[in-house]
Amino acid sequence: IFCTWPKNIEINIRDQNNKCVNNVELSLYKNDTIILSNMTENDQSVMFNVPFNLFDHYILKGFYKGFNIYEEKIPKFSKNIDIKLNLFDLTIKVKDTLGFPPGVNLRPYLTSSEMFEKQELSPYYNKCGTYKFKNLPSAVYALHLSHGSFKQEVNFNIYSEGNSAEIVFPAEYFLSVELLGSRGVLLSDEGKNIKIYRDGKLVVESLSQREKVSLPPAEYKVYVESGGKGIGIDTVMLLNDKEIKIVTTEESIIPFLIMILTIIFIIQITVLFIIKRISLNSFLKLLAMTFIVISLVMPWWVLNASTNDGYASKNSEMFLIPQVMIEEVKYDDTAYLQLATIPEVFTDFLGLLLLIISVGFVLIGISFLPNIFYKKRFYKLLISMSILFLIMVSLAYYFGMSKITEISLGTIQGEGVLEVILPNEETVFMHSTWGLGLGFYFCILSAITALFAGISDFVRKKWLKNFKK
């Protein structure tokens, strides 16, 4: 073992502009073994204190951004090591196919095959589509841009100042729009025009319903006009091929016509019953069928909410035809409608309930046939089955809707203060009430009416039997 005196080695690393370079990893080797390591920081030099080596040399290695920038033997009597490093900047301006700065994160980074240890070098971003990579060692680099399945790679030779380039990122996705009425029913294209805006600028002047348009990934505002008047608006973040449904303020005349026709029908059968052209049993069964029809066009669950000052309000309604929940938010005298997000399994469940209700309706109708053609009382079984179906629907809907509302509201019926985010991303608090809608109660009323139809016939039969005696 040889005893020697200590030795200080000061290492300075500067670029071509004589500025200190930070984040350089320096390692001192002896016989292929690292004995000391340090990192340049705070624009200061690095000091190594080591024993004086009588027989061998120390080897200094420097690593910066994955590159081996220095590897030399240190002279025995050298106390200062000055390393000059040429560093350059690279400025990249990226646009999409519409000429806008990217509307999504393209995750840009640089790599180089000349790196000793592969690293991904990230840039600074100024939010205008310009990325700046600073202090790059001289080398050939590959710029990587990607979003989803779209990938782009561009090579750059960085050996001098003034490195810049403009790149068009080619990613595009298909967007199509489907228009719905205020009740969620599909609308026709007649007299309607769809416009698409981005950052306040018109990018698609005219689009037909279900027509596909190819757009770069970004956030877009979709406006729907009819007769020069706005009837619908939606915001879409286009990150893949997408088909959106926009609920418009255009009312469907079909529910209104159904309500008028059912009222007329109720008046007619009431008159026929009064003048004794139909029996009480037939009257009640027809009335039950009418209530079923009304239940299908009325909401089965509703929520009404508003702020104390009337600045904003929110209304939600769930229907069986179609199986949707429509949310309407009003503020600044403008209505914004959209489809509420409900689990697909619950949507399928509503479709099943609609089928069961339809079966109950048909069974009540078929119950007329035994009396008309066979003079038998098979209708009792048919009536009983239809009542059972309607009760099953009501109980199943109550249970299913309870599970849905339990997550967000706690109960299927109630009231309270809700936090609502408006379309302008403003958060307001609204006093709210919610509960089962008229559609649900008309379904219950139909089952009760059908039950009374069966009871009335049973009572009539007993009365006739006693009268004959």
More than 12 heavy atoms of other groups within 6.0 Å of [X] [atom1]:
| X | atom1 | result |
| --- | --- | --- |
| Phe256 | CZ | no |
| Tyr159 | OH | yes |
| Leu352 | CG | yes |
| Tyr398 | OH | no |
| Lys242 | NZ | yes |

I'd like to know if the side chain of [X] and the backbone of [Y] have a donor-acceptor N/O pair within less than 3.5 Å.
| X | Y | answer |
| --- | --- | --- |
| Asn424 | Glu426 | yes |
| Asp89 | Asn135 | yes |
| Thr405 | Met401 | yes |
| Gln16 | Leu87 | yes |
| Glu251 | Ser182 | no |
| Thr334 | Asp332 | yes |

Does the side chain of [X] pick up a donor-acceptor pair with the side chain of [Y] at under 3.5 Å?
| X | Y | result |
| --- | --- | --- |
| Glu41 | Asn22 | no |
| Asp309 | Thr307 | yes |
| Gln323 | Thr347 | no |
| Ser27 | Ser37 | yes |
| Asn193 | Ser206 | yes |
| Glu415 | Thr433 | no |
| Gln209 | Glu190 | no |
| Arg107 | Ser146 | yes |

key: Parallel, tilted or perpendicular, as decided by the 30° and 60° cut-offs, for the rings of Phe440 and Tyr397   =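 Tyr397 and Phe440: tilted rings.
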inquiry  = Parallel, tilted or perpendicular: which one describes the rings of Tyr109 and His144, with boundaries at 30° and 60°?
reply    =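 Tyr109 vs His144 ring planes: parallel.
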Verdict with reasoning, Phe319 to Trp300, per ring pair (Phe, Tyr, Trp, His ring centres under 6.0 Å) = CA-CA 6 Å; Phe319 300 94; Trp300 279 57; over 10 Å; no
task = Run the numbers on Lys93 and Ile167 for side-chain contact (heavy atoms from CB on, under 4.5 Å), then give the verdict.
result = CA-CA 6 Å; Lys93 188 171 185 179; Ile167 297 175; over 6 Å; no
Ring centre gap for [X] and [Y] strictly below 6.0 Å:
| X | Y | result |
| --- | --- | --- |
| Tyr141 | Phe156 | no |
| Tyr64 | Phe67 | no |
| Phe291 | Tyr441 | no |
| Tyr197 | Tyr223 | yes |
| Phe63 | Tyr70 | no |

message = Apply side-chain contact (heavy atoms from CB on, under 4.5 Å) to residues Thr111 and Lys118 and explain how you reach the verdict.
response = CA-CA 7 Å; Thr111 60; Lys118 187 175 180 180; 4.0 Å; yes
task = Measure across Met318 and Met325 and return the closest heavy-atom pair with its distance rounded to 0.1 Å.
result =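 Heavy atoms only, the tightest pair is CE-CE, 3.2 Å.
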message = Give me the atom names and distance for the closest heavy-atom approach of Asp241 to Phe174.
response =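 In this case the closest contact between Asp241 and Phe174 is OD1-N, 2.8 Å.
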key: Candidate pair Arg198 and Asp96, rule side-chain contact (heavy atoms from CB on, under 4.5 Å), full reasoning   = CA-CA 12 Å; Arg198 177 173 164 187; Asp96 58 26; 2.6 Å; yes
For the pair [X] and [Y], find out whether any cationic side-chain nitrogen is under 4.0 Å from an anionic carboxylate oxygen.
| X | Y | result |
| --- | --- | --- |
| Lys61 | Glu72 | no |
| Asp43 | Arg14 | no |
| Glu205 | Lys195 | no |

message = Let me confirm one number: the NZ-OG distance from Lys212 to Ser176, rounded to the nearest 0.5 Å.
response =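 Going from the NZ atom of Lys212 to the OG atom of Ser176 covers 6.5 Å.
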inquiry  = Please evaluate residues Thr235 and Lys221 with respect to the criterion side chain to side chain donor-acceptor pair (under 3.5 Å), reporting the C-alpha separation (whole Å), side-chain torsions for both, the decisive distance (0.1 Å), and the verdict.
reply    = CA-CA 5 Å; Thr235 300; Lys221 292 279 188 182; 2.9 Å; yes
task = Would you check, one step at a time, whether the test side-chain contact (heavy atoms from CB on, under 4.5 Å) holds for Glu327 with Val329?
result = CA-CA 7 Å; Glu327 290 184 344; Val329 175; 5.5 Å; no
